[in-house]
A.B. asks: 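Questions regarding the structure given below will be posed in turn.
Residues: numbered from 1 along the sequence shown.
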Amino acid sequence: MKPHDQKDAERLEKKENYGFPPWLFRHRELVEALENAEPLGIPTLTNRINHLHFTESPLFVHLRNYRYCNSILLKAHPDPFMGKALFCRWSKETPSGLNFSDYELLHLIIEDGQSMVVIPGSPENLTEKGFLFRVASQAFSVGKRQARRYAGNEVSVELIQSGIVATGRLLDFSHVGFRVSITSEISDSNKWFNIEASVTIQLRYLNEVVLSANCRCVRKEGVMGNLEVVLAPAQEKISRYKKRQFRNHRQCLLPPPVLTFFHPLLNKQVRLAVSDISTSGFSVYETPQESLLLQGMIIPELTIEFFGALQLRCSAQVLYRLEDQKGIRCGITILDMDVNSYSRLSHILYNALDPNSHISQRLDLDALWEFLFESGFIYPLKYKIIQSHRNEFKRTYKKLYQQSPEIAKHITYQRHGRIEGHISMVRVYEKAWMIHHHASRKSGGRMAGLKVLKDLMLYLNDMHRLPSANMDYALCYYSPEKKFPDKLFGGFARELREPRGCSLDLFTYYPSTTQCEAIHCPSGWALRECSTRDIWELSQFYSYRSGGLFLDVIGLSSAGSGENKLGSVYKRHGLMRKWHAYSLDYEGRLCAVLILDQSDLGINLSELINSIKVFVIDTDTGILTWNIISFAVGELR
């Protein structure tokens, strides 16, 4: 070890290594420093001992061997204490066969993780079952740490160094280090463990990894099969996600939300007030002495409580710890959260900035229909097409806008309860959401339309990182002759110039009737479900002609079907969603692929997910005519 590393290790051990194993006692200097210790009166001591009895927690007994003059610590459980004599029973962990006549009982010790209480007195009747201890007139508080050390709670440990893995258990921890007992039966574990090399520690609770960190070794001692290691985390900065140029605004709410969770290393409930919060995470403050949050620690289930009423659940991870004038500022990121909870969180934050912004709130359907007609979103030609199915549309919209399914979300801008702007999106494929229904009232100008669009972009900025959201892609259909969407969506894609980041694909839209032009299948032509080879050939064609993302968005499986996971989610809400891929070939030659999208009427007012998409692959021979395509479409309707 380098000189400065040795000095750091000694400093850390001196400050932080006041944890007590159930055997050797290494810090006799603490007991010898009683003359400078803070006195502790009998009433306070009585309460401390009775609290140990109530929680069935042990104290430590300091024994010294008459022959070798070395000291050991053993655990004992106290009986209720009334201020004079205290009876203690040995813990089950006490080594069997220990000859107590060889030892002198010096002190009782209470260790709470941050300080140590040394209790002088006179022992009587030291036996294998226990002993009576007559407490002196006062006790002493010594060895106060800068950071409290906590006992590990059924936490298993893996130590990984140069390809060798050792297992053990966590004895105790603080934010500055871990004390670990290695129990794995690896041959010569005491020899292969290199104290000068870094080591990776993985802590598991209930077989789930709750912390993984690179550490340096402060100290190790023991022999093979009973090795104890003290580790200090390297405090490397954690980058959970790719760095972003734009981050959603962090807000300080009053009253502040409260975080509640069971600490995975303590199995104890923790409550912390939030300092600031956004849709990606939050920060909290801790005192250096009572710090519980470890950098890199994963919190499997965390509850965000608003105003003592609304509770949102998520999983989270501690990303950083920074010290400032207020204390230790800990940054926590949200790892996952269900879509409905994310929408409620977004609504609280956006509504706090602008009371007119509403995220997926239950809407008055009469007000929504009035808005869609008045804004011109449902224009006369569109209404002519849907008017005969208006009752089906109403039933579908009731499910989408009043029952809060996780497959559909919307944003509205309202003044005095009147909808001025609206945009929505729906999950249309396994990993893709479609943005649609963007409209605003002419009387409100463009501001409301731009506001809901901006809110949606902020909403997506963090939503796409949540595994539960199933959002790898966002898509939008628009007519290129319409200036605003072409400038916004098309302009972005043209400026980016990276089809694998954002792509444009031009389709021709054709309204089809239930009657097809070709009644009989022409000779040599066949319509069948796509095979794996057909999908492969389609991908080759699309990659050559477009190079974009559309086939990734659809996410066709080898069987060409898409009605499994997402279809079951729709079904749970009384809706239908599925899609299939079909091949149209001539004498064994693939000429076109047809994607049959099916859904309830009205999920999308333009029926873009209740349609057939045709990819014409054979564009050279001319054998594929409109008559043939019309026949294939008619067969699938």
Side-chain angles (χ1 to χ4, degrees), residues 13-14 17-37 40 45 48-49 52-53 56-81 84-113 115-143 149 151 168-169 171-172 179-183 185 189-190 219-230:
E13 182 175 359
K14 184 176 181 181
N17 190 29
Y18 296 160
F20 301 97
W23 194 241
L24 291 178
F25 180 53
R26 290 184 293 274
H27 289 276
R28 284 177 291 180
E29 69 275 8
L30 294 179
V31 178
E32 295 167 358
L34 291 181
E35 60 183 21
N36 297 320
L40 198 68
L45 178 63
R48 294 283 291 273
I49 293 175
L52 290 179
H53 178 265
E56 300 181 359
S57 301
L59 49 70
F60 292 94
V61 183
H62 181 201
L63 301 169
R64 182 171 61 191
N65 189 283
Y66 287 116
R67 178 180 299 179
Y68 304 113
C69 293
N70 64 330
S71 297
I72 64 173
L73 284 180
L74 297 180
K75 290 181 179 180
H77 291 273
D79 278 0
F81 181 52
K84 292 184 178 180
L86 173 65
F87 184 79
C88 298
R89 289 182 298 274
W90 295 116
S91 168
K92 294 179 181 179
E93 300 176 12
T94 303
S96 60
L98 192 65
N99 189 354
F100 287 101
S101 63
D102 293 338
Y103 290 89
E104 175 189 10
L105 197 159
L106 300 178
H107 305 90
L108 302 185
I109 298 173
I110 299 175
E111 207 277 334
D112 66 359
S115 63
M116 179 178 72
V117 176
V118 179
I119 309 171
S122 303
E124 297 180 6
N125 301 324
L126 189 63
T127 68
E128 294 182 356
K129 292 184 178 180
F131 59 91
L132 184 68
F133 192 81
R134 297 194 179 278
V135 178
S137 59
Q138 62 182 2
F140 301 90
S141 179
V142 297
R149 184 168 293 248
R169 64 188 180 92
L171 298 177
D172 52 49
R179 189 164 66 93
V180 175
S181 172
I182 297 179
T183 57
E185 298 178 358
S189 59
N190 195 31
R219 171 180 56 80
K220 76 162 184 172
E221 64 179 33
V223 295
M224 181 177 60
N226 189 24
L227 184 64
E228 184 178 298
V229 181
V230 176

A.B. asks: Tell me every residue that passes salt bridge (charged side-chain N to carboxylate O under 4.0 Å, His left out) with D102, counting only those two or more places apart in sequence or in another chain.
C.D. replies: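 By the salt bridge (charged side-chain N to carboxylate O under 4.0 Å, His left out) rule, D102 matches no residue at all.
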A.B. asks: Identify, with sequence neighbours excluded, every residue that meets salt bridge (charged side-chain N to carboxylate O under 4.0 Å, His left out) alongside E124.
C.D. replies: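 Applying salt bridge (charged side-chain N to carboxylate O under 4.0 Å, His left out) to E124 gives R134.
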A.B. asks: Apply side chain to side chain contact (heavy atoms under 4.5 Å, CB included) to residues K75 and F60 and explain how you reach the verdict.
C.D. replies: CA-CA 5 Å; K75 290 181 179 180; F60 292 94; 3.8 Å; yes
A.B. asks: Taking all heavy atoms of A139 and all of P120, pick out the closest pair and write down the distance.
C.D. replies: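 Here A139 and P120 meet closest at CA-CD, 4.1 Å.
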A.B. asks: Could you walk me through whether I49 and I110 pass the side chain to side chain contact (heavy atoms under 4.5 Å, CB included) test, one step at a time?
C.D. replies: CA-CA 8 Å; I49 293 175; I110 299 175; 4.0 Å; yes
A.B. asks: Given L105, which partner from the list C88, S122, P123 fulfils the side chain to side chain contact (heavy atoms under 4.5 Å, CB included) test?
C.D. replies: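 Per the side chain to side chain contact (heavy atoms under 4.5 Å, CB included) rule, the option paired with L105 is P123, out of C88, S122, P123.
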A.B. asks: Any chance you could measure L86, atom CG, to L132, atom CG, to the nearest 0.5 Å?
C.D. replies: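 Separation between the atoms: 7.5 Å.
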A.B. asks: Supply the atom-to-atom distance L74 CG to L63 CG, rounded to the nearest 0.5 angstrom.
C.D. replies: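 L74 CG to L63 CG: 5.0 Å, rounded to 0.5 Å.
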A.B. asks: Sub-3.5 Å donor-acceptor pair from the side chain of W90 to the main-chain atoms of P95, do we have one?
C.D. replies: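 No; zero donor-acceptor contacts below 3.5 Å.
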A.B. asks: Just verifying a value: how many Å separate H77 NE2 and R89 CZ, rounded to the nearest 0.5 Å?
C.D. replies: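 One gets 8.5 Å once the value is rounded to the nearest 0.5 Å.
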A.B. asks: Tell me the closest heavy-atom pair linking N65 and R67, and the distance in Å.
C.D. replies: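 Heavy-atom minimum between the residues: OD1-N, 2.8 Å.
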A.B. asks: Would you say the side chain of V135 lies within less than 4.5 Å of the side chain of F81, judging by non-hydrogen atoms?
C.D. replies: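 F81 vs V135: side chains touch.
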A.B. asks: CD1/I119 to CG/L106 distance, rounded to the nearest 0.5 angstrom?
C.D. replies: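 Rounded to the nearest 0.5 Å, the CD1-CG separation comes to 13.5 Å.
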A.B. asks: Could you measure the distance from the CZ atom of F131 to the CG atom of N125? Nearest 0.5 Å is fine.
C.D. replies: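 So the CZ of F131 and the CG of N125 are separated by 11.5 Å.
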A.B. asks: Going from CD on E228 to CD1 on I182, what distance comes out if it is rounded to the nearest 0.5 angstrom?
C.D. replies: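 The distance works out to 10.0 Å.
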A.B. asks: Restricting to non-hydrogen atoms, name the atom on F100 and the atom on E128 that form the minimum distance, rounded to 0.1 Å.
C.D. replies: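 Distance-wise, the nearest heavy atoms are CE1-CA, 3.9 Å.
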A.B. asks: Locate the shortest heavy-atom distance separating H53 from P78; write the atom from each residue and the value.
C.D. replies: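 Minimum heavy-atom separation between H53 and P78: CD2-O, 3.1 Å.
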